[in-house]
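Please read these numbers as outputs of a predicted model, since none were measured by experiment. For the numbers below, each heavy atom of this structure counts, side chains included, while hydrogens, waters and symmetry mates do not. A, B, ... follow the sequence lines: proteins, then strands. Residue 1 opens every chain.
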There are 2 protein chains.
Amino acid sequence: MKLSKATNYALHTMLFLAVTSPHEHVGVAKLAEKQHVSPTYLSKILTKLVKSGMVISVSGANGGYKLIQGWEKISLLDVIKAIEGLSSMSDNCLNHNPNCLIQKAIESAENKFLNELNQTHMGDLANQIGETSLI
Amino acid sequence: MKLSKATNYALHTMLFLAVTSPHEHVGVAKLAEKQHVSPTYLSKILTKLVKSGMVISVSGANGGYKLIQGWEKISLLDVIKAIEGLSSMSDNCLNHNPNCLIQKAIESAENKFLNELNQTHMGDLANQIGETSLI
DNA sequence: GATATTGTGGACATATTAAGTCTGTAATTA
DNA sequence: TAATTACAGACTTAATATGTCCACAATATC
Ligand code: SF4
Ligand code: SF4
């Protein structure tokens, strides 16, 4: 019931790109150094963000990653889903009975969680930051 | 981000005890058979429920497990916490900064989830069941 | 066009956690 | 006392997350 480290890296990367250089490309080496994680591993995570359309990558010298246009509207849920996939918390039951009370109760609570994450956007966080210490 | 199978077993066991025999003792063999899980494994899970005070166990012939008095007010959250522990979803960060925006956002959403689970009680589920097919 | 730079892909290795087993012991009843 | 049942701890196995390695593709600079 914890988010993975990979998700945490992804969220930090997004936020870092947002507050430092939303328009310039940043290489994975720099991003990895900030988070004390190996560049090779972080690059796999970044590729997922690229595949899900929230980050743009450019190869070659002076290449790197930057956020898409409209990144302000990307939600925390978008990022989490891009890394963790979409499985529900009650995905541990074989017997998928649609009337199941247990599943209904858990999914209802889970939706409260997902809705709030879906309403928190990168732009909101990026605005609040800068006043506080960064990442 | 999924609940463990162990939690699922625990929820089923609680609900089963609630709807069948909230006052008689039921042995682990029967409980395990219902869920197609090994008795030894399920007994470990049951011991956690006993330790956290929501189930009473009795050794010896005709012994077994039953729910405590007032089981109707036990919440789904109580059961989940008894099995999974209390770690937060954002427990993947080393750098516990109390002003962290990422952690705040995740924890806020998580609280919505926990609150709803905390307001869903075994008594509610047990009442709804019986009309529908059981477990 | 050659070369350096940077991201991508896949196979692999390691670490962590979950799931499940085995066995002996303690408690209770008949 | 003998049978029954829960409890405890060590252990094994399975699943998943985390991380590494290396060859290759794409791009910029010269
Ligand atoms: S920004 Fe938040 S999650 Fe990231 S390192 Fe700081 S405290 Fe941890
Ligand atoms: S009661 Fe719900 S969770 Fe349990 S087996 Fe049925 S469908 Fe699955």
Can you check the [X] [atom1] to [N] [atom2] distance for me, whole Å?
{"X": "B:K48", "N": "D:dA6", "atom1": "NZ", "atom2": "P", "answer": "18 Å"}
{"X": "B:L42", "N": "D:dT5", "atom1": "CG", "atom2": "C1'", "answer": "14 Å"}
{"X": "B:M1", "N": "C:dA18", "atom1": "CE", "atom2": "P", "answer": "15 Å"}
{"X": "B:L49", "N": "D:dC7", "atom1": "CG", "atom2": "P", "answer": "10 Å"}
{"X": "B:Y65", "N": "C:dT28", "atom1": "OH", "atom2": "P", "answer": "13 Å"}
{"X": "B:L3", "N": "C:dA19", "atom1": "CG", "atom2": "P", "answer": "10 Å"}
{"X": "A:N92", "N": "D:dT16", "atom1": "CG", "atom2": "P", "answer": "12 Å"}
{"X": "B:L46", "N": "D:dT5", "atom1": "CG", "atom2": "P", "answer": "15 Å"}

Pick the nucleotide of DNA chain D nearest each of A:S59 and A:Y9; which residue has the one closer to the 5' end?
A:Y9
Contact class for [X] vs. all strands (heavy atom < 4.0 Å): base, sugar-phosphate, or nothing?
{"X": "A:K30", "result": "nothing"}
{"X": "A:A6", "result": "sugar-phosphate"}
{"X": "A:K5", "result": "sugar-phosphate"}

After noting the C-alpha distance and the side-chain angles of A:S87 and B:M1, does the key distance pass the side-chain contact (heavy atoms from CB on, under 4.5 Å) rule?
CA-CA 8 Å; A:S87 73; B:M1 278 283 293; 5.8 Å; no
Any [X] side-chain N or O less than 4.0 Å from OP1/OP2 of [N]:
{"X": "A:S38", "N": "D:dT20", "result": "yes"}
{"X": "A:S4", "N": "D:dT16", "result": "no"}
{"X": "B:Y41", "N": "D:dT13", "result": "no"}

Considering all heavy atoms, the nearest [X]-[Y] contact:
{"X": "B:N92", "Y": "B:M89", "answer": "ND2-O, 4.1 Å"}
{"X": "B:G64", "Y": "B:H25", "answer": "O-ND1, 3.6 Å"}
{"X": "A:V50", "Y": "A:S57", "answer": "CG2-CB, 4.0 Å"}

Nearest-nucleotide pick for [X], side chain only, options being [options]:
{"X": "A:N62", "options": "C:dG7, D:dT29, D:dA6", "result": "D:dT29"}
{"X": "A:S57", "options": "C:dA19, C:dT8, D:dA8", "result": "C:dT8"}
{"X": "B:K51", "options": "C:dG20, D:dA8, D:dG19", "result": "D:dA8"}
{"X": "A:V37", "options": "D:dG19, C:dT29, C:dA19", "result": "D:dG19"}
{"X": "A:K44", "options": "C:dG10, C:dA30, D:dG19", "result": "C:dG10"}
{"X": "B:V50", "options": "C:dA18, D:dA28, D:dC7", "result": "D:dC7"}

Which residue, A:A61 or A:T40, contacts DNA chain C at a nucleotide closer to its 5' end, judged by nearest heavy atom?
A:A61
Need to verify one output field. Residue with the more 5' nearest nucleotide on DNA chain C, A:K2 or A:V28?
A:V28
When rounded to the nearest 0.5 angstrom, what distance separates CG in A:L17 from CG in A:L46?
7.5 Å
State plainly whether one hydrophobic cluster holds both B:V58 and B:Y65, where clusters connect Ile, Leu, Val, Met, Phe, Trp and Tyr through side-chain heavy atoms under 4.5 angstrom apart.
no
